[in-house]
Amino acid sequence: MQLNILLFGITKEIVGQQKVKFDMPEQASVGNLLKSLKQAYPGLESLDAMLVAVNSEYGQQNQILHESDEIAIIPPVSGG
Amino acid sequence: MDAMINETKINILLSDQPLDIKVALEAVNDGSAGAVDIFIGTVRNKTQERTVVRLEYEAYDSMAVKEMEKLAEETSGKWPVAKIAIHHRKGTLYIGDIAVIIAVSTPHRQEAFEACKYTIDSLKQRVPIWKKEIFEDGETWVAAHP
């Protein structure tokens with residue numbers, strides 16, 4: 001399946017794009033996606049923490065992803 | 001572009017326009033409240049020894065508004081909040097500009113202080129907003145862990 005991934009902050013700079021399409025096997029989880037992204041973009045390994053949001057909610061590691069999901073990579077936040 | 005949720009009790013704003021303290025205070029005005037606590041986060045001119053020129057805030061808008069709303073509800077569950085406003089700026093900010101305003105009204109002062117502190121501390125931990133500091137000699141994405 002092809003996932004649509006939004007990137008923000010430092011992850012946007014590391015990947016060099018605001019949005020990427022990323023191929024993952026069916027039934028891939030949030031944890032699988034993080035691992036694959038770090039392989040595809042080794043710069044992401046340097047981040048302290050990276051979370052994944054699925055449809056505007058923080059996702060769990062074992063949560064299964066679907067092609068229709070809006071997925072965002074959430075590097076450590078720094079609002080305020 | 002402004003994203004706003006305006007219920008009677010909860011007032012959320014994420015905007016690329018300057019924030020207005022008066023607007024936040026008016027949003028939490030309530031007859032049942034004997035206390036209003038307001039926190040104003042502003043852009044300072046130094047981080048450690050480096051001189052800051054400006055900040056750039058970026059937000060995942062839809063999720064940030066949702067998380068701010070959830071946070072306001074959570075705070076309201078922990079303290080007897082009459083009204084609460086969370087306003088956050090995005091875009092380019094300069095020294096002295098307001099980045100965030102938290103305003104909370106409650107019956108008594110102690111709970112207003114506590115609710116306000118909890119809200120800003122939690123916002124910095126979980127609301128998907130990112131800040132880039134632009135120095136005289138470089139720039140860096142802040143990864144703040146309060």
Side-chain angles (χ1 to χ4, degrees), chain A residues 2-22 24 29-31 33-34 37-38 40-80, chain B residues 3 12-15 19 39-44 47 55-71 86-91 93 97-102 116-133 138-146:
Chain A
Q2 200 173 44
L3 301 175
N4 290 296
I5 300 174
L6 303 174
L7 300 155
F8 296 96
I10 192 160
T11 61
K12 186 175 72 178
E13 288 186 1
I14 289 170
V15 172
Q17 291 175 85
Q18 227 176 312
K19 252 182 207 180
V20 286
K21 287 190 186 292
F22 200 75
M24 288 295 291
S29 67
V30 163
L33 174 65
L34 278 174
L37 280 170
K38 285 176 185 171
Y41 305 101
L44 296 175
E45 291 278 10
S46 65
L47 298 177
D48 284 350
M50 208 167 63
L51 299 172
V52 171
V54 183
N55 301 319
S56 299
E57 307 269 355
Y58 283 107
Q60 303 297 318
Q61 287 289 312
N62 58 0
Q63 188 173 336
I64 301 300
L65 298 168
H66 307 278
E67 203 165 55
S68 58
D69 290 333
E70 179 179 289
I71 297 165
I73 305 303
I74 311 288
V77 302
S78 51
Chain B
I12 304 292
L13 174 68
L14 177 63
S15 175
L19 300 181
F39 170 82
I40 301 161
T42 54
V43 178
R44 64 163 180 269
T47 288
L55 294 187
E56 282 169 13
Y57 279 96
E58 180 178 323
Y60 179 10
D61 291 36
S62 57
M63 184 178 174
V65 167
K66 234 184 196 177
E67 285 294 319
M68 287 194 278
E69 189 187 21
K70 270 194 218 164
L71 176 55
I86 305 177
H87 294 181
H88 206 295
R89 181 75 191 276
K90 53 180 192 166
L93 279 76
D97 283 352
I98 298 174
V100 60
I101 302 174
I102 312 284
C116 191
K117 181 178 190 309
Y118 177 82
T119 305
I120 182 62
D121 288 349
S122 305
L123 177 143
K124 290 173 87 77
Q125 284 171 342
R126 69 171 100 137
V127 175
I129 297 176
W130 299 273
K131 168 164 67 185
K132 184 154 80 168
E133 287 175 323
E139 56 183 50
T140 176
W141 284 101
V142 179
H145 296 288

Self-check item: Side chain A/E67, main chain A/Q2, donor-acceptor under 3.5 Å
Solution: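 Yes.
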Contact class of [X] relative to chain A, heavy atoms under 4.5 angstrom:
X: B/E56; value: neither
X: B/Y60; value: both
X: B/A64; value: neither
X: B/W141; value: side chain

Quiz prompt | Test item: B/M68 and B/L14 side chains (from C-beta on) under 4.5 Å apart, heavy atoms | solution =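 Contact flag for B/M68/B/L14 side chains = yes.
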Practice problem: Can you label the angle between the B/W130 ring and the A/F8 ring as parallel, tilted or perpendicular, going by 30° and 60°? | Solution: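 Because their plane-to-plane angle is under 30°, the rings of B/W130 and A/F8 count as parallel.
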What side-chain donor-acceptor pairs closer than 3.5 Å can you find for residues 51-60 of chain A, not counting sequence neighbours?
residue : atom : partner : partner atom : Å
A/N55   : OD1  : A/E70   : N            : 2.8
A/N55   : ND2  : A/D69   : OD1          : 3.0
A/S56   : OG   : B/S62   : OG           : 3.3
A/E57   : OE1  : B/K70   : NZ           : 2.6
A/Y58   : OH   : B/R126  : O            : 2.5

